[in-house]
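Below is one structure, written out as structure tokens; the observations come after it.
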Amino acid sequence: MSYQLETAEHPERLRRVAIDPVSRVEGQGKVTILLDEQNKVHQVRLHIVEFRGFEKFIQGRPYWEVPVMVQRLCGICPVSHHLAASKAMDIIVGAKKLTPAAEKLRRLMHYGQMLQSHALHFFHLCSPDLLFGFDSDVTRRNIVGVAAEHPEIAKRGILLRKFGQEVIRMTSGKRIHGTGAVPGGMNKSLTVAERDELLKEIYHIVAWSRDAVHLIQKVHMQDPGLYNSFGIFRSNFMSIVGNNGDLDFYHGSLRARDDNGKLIFDGVDYQHYNTYIEEEVKAWSYMKFPYFRSLGKEQGWYKVGPLARVQNCDQISTPFAEHERKEFVDYAGGSPMHAPLAYHWTRMIEMLHAAEQIKELLHDDDLLSNDLMVKGERQMEGVGVIEAPRGTLFHHYQVDENDVVTMANLIVSTTNNNQAMNEAVRHVARRYLHGREVTEGLLNHIEVAIRAFDPCLSCATHALGKMPLEVELLDAEGGQIHSLSRA
Amino acid sequence: MSAPLVIFAVGNPSRGDDALGPELLNRLSVWLELNNQQGTVELIEDFQLQIEHALDLQGRQLALFIDAGQRTPTPFGFGPTVAVDRIGHSTHALEPGSVLQVFRDTEACEPPPAFTLCVSGQSFELGEPLSAAASEHADKAFEFLCALLANPDATDWASRVI
């Protein structure tokens with residue numbers, strides 16, 4: 001867990017490669033690599049321009065508006081922000097425990113989000129890399145390429161995502177900008193017709209999710225030399241786990257392990273997260289670098305997301321996903337798997353778990369109940385934490401006596417993975433670029449490593465007219481030596 | 001039974017001029033109601049275009065994508081959109097042409113004729129309202145939209161390319 005390749009000794013003497021998706025909005029990533037005359041790698045940095053200004057966006061608003069407005073922070077995972085903010089505001093309104101109906105409806109919404117997000121990532125983003133190989137023609141590395149050669153897989157990906165979106169629509173009331181969760185509970189239950197409509201599809205969804213796990217497992221096992229080592233680095237890992245150690249995306253306590261799987265902390269009430277986690281600011285990056293206070297900056301960084309969650313929990317409560325978790329753990333050989341490409345495998349185990357959870361919930365009549373709200377003694381401060389598709393998401397607010405938000409702090413999943421993604425990129429640069437002429441195929445290896453983490457790089461806006469992905473090779477003075485452009 | 005025309009409007013209402021799509025959709029919704037045309041058009045709003053929007057093209061005779069643009073013609077551009085075998089480096093949003101391509105590949109048939117109305121924006125920061133320039137562009141684009149909806153026909157629309 002070192003900082004090798006983070007900062008070169010004499011950057012002024014080196015050439016610079018920038019992988020820069022030029023854009024006019026925040027929420028984009030860029031990789032810079034400094035090379036010497038022999039193309040040896042001296043410095044690698046992944047810069048993610050975190051979405052700025054969210055504190056200002058939230059501060060000064062009434063607390064009850066926050067669960068709705070935070071959905072506009074990110075067009076990729078609005079439900080995660082919606083639920084994390086709602087959980088924080090539950091604390092503010094003194095709702096220590098929601099009604100069974102409200103919690104189950106929120107869980108249903110969240111599992112819908114996990115399902116659709118993981119399906120999109122696997123079928124659209126990563127399966128082209130995995131099915132065609134990293135060096136394949138760039139035009140085939142997208143869902144169009146998958147659809148052309150694997151039409152059934154592509155169609156299933158779309159239908160899985162569509163089903164997840166339908167779950168969200170029915171629980172939040174709208175396809176986007178929904179208002180399902182409110183401080184203290186939910187504002188709508190499911191109708192019988194809505195439940196029955198989802199029930200018609202859920203058995204296919206579970207079956208397709210199982211197939212997806214088996215597909216990625218097969219891909220992984222076909223080339224273990226690559227999949228077990230590509231971009232590998234060792235790190236601590238963290239997630240919330242349910243009260244009995246179950247994998248739990250919606251609620252639980254914080255648990256962290258070191259790279260050997262030994263507990264660092266466990267059972268931590270996330271209301272006190274900032275006693276355990278600190279955020280470091282680095283001059284070269286807009287995004288902060290969180291770390292465990294007890295281990296310090298250099299040793300305390302960690303990874304989050306599917307690979308962390310599936311290995312951090314003691315078991316999964318649903319049978320098919322638990323079977324697949326055990327297969328994964330057996331494959332890893334009894335110690336934590338750290339290979340970034342294993343994120344894909346664990347992501348599909350999670351998608352299966354989400355599908356199974358949805359199936360179970362759809363058979364629970366609590367979803368139809370109108371006992372949806374509780375309240376208690378008003379508080380001035382609340383923290384909401386949720387396991388978003390990409391990892392642990394923190395929302396922390398302070399609210400004054402006039403019900404106005406005076407402080408907001410968010411640690412999003414991609415921020416939690418900041419150092420981890422940098423380490424993966426450095427490993428790949430060292431392994432594949434060091435001493436070679438830089439080509440588009442080699443640069444795609446960098447993107448493959450980043451994609452494994454599924455970082456949120458395009459928060460909430462996307463207008464037409466964006467520039468294509470630009471890769472520039474610059475000299476030490478910033479003059480362009482060579483460039484590659486990808487539409 | 002699907003409405004023969006589907007209109008996708010994409011953008012984030014809280015990100016300055018990215019709200020152009022949703023803004024025009026809201027105006028259209030009112031206009032359709034006033035003109036008693038709700039059944040002929042389905043309006044779909046989202047933050048971004050995604051793969052599942054290909055399913056919303058099923059059974060349509062015509063499709064229109066409305067989006068904000070940067071460094072695009074002012075006040076707006078309008079033209080036909082064809083399926084393109086290309087998706088950007090980000091997973092998080094598709095171009096209109098890529099949505100058509102996903103439809104073609106997964107449905108094994110040609111997508112309906114499609115057009116894109118790209119309204120020029122200037123500023124896209126979180127929490128900003130629509131800029132003055134974008135508001136003017138929206139007014140002109142809406143006038144144009146009403147003319148399009150008066151005759152939702154691909155041949156007619158093709159004659160109105162800007």
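The chains referred to below are lettered A, B, ... by the order of the sequence lines, with proteins before strands, and numbering in each begins at 1.
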Best-contacting candidate, B:Ala54, B:Gly127, B:Ser14, against chain A by heavy atom pairs under 4.5 angstrom:
B:Ser14
Let me confirm one number: the CD1-NZ distance from B:Ile51 to A:Lys155, rounded to the nearest 0.5 Å.
11.5 Å
Can you name the nearest heavy-atom pair linking A:Lys162 to B:Asp56, along with the distance?
NZ-OD1, 3.4 Å
Side chain, backbone, both or neither: which part of A:Gln165 has an atom under 4.5 Å from a heavy atom of chain B?
side chain
Approximate separation, where rounding is to 0.5 Å, of B:Arg15 CZ and A:Phe57 CZ:
8.5 Å
Measure the CD1-CD distance between A:Ile158 and B:Glu107 for me, rounded to the nearest 0.5 Å.
7.5 Å
Rounded to the nearest 0.5 angstrom, the NZ-CD distance for A:Lys174 and B:Glu45 is 7.5 Å
Which of the residues B:Pro13, B:Ser120, B:Gly121 is involved in the greatest number of heavy-atom pairs with chain A at under 4.5 angstrom?
B:Pro13
How close do A:Leu120 and B:Gln50 get, counting heavy atoms only, and between which atoms?
CD1-OE1, 3.4 Å
List the atom of B:Asn12, the atom of A:Arg72, and the distance in Å for their closest heavy-atom pair.
ND2-O, 2.7 Å
With a 4.5 angstrom heavy-atom cut-off, which part of B:Ile44 approaches chain A: side chain, backbone, both or neither?
side chain
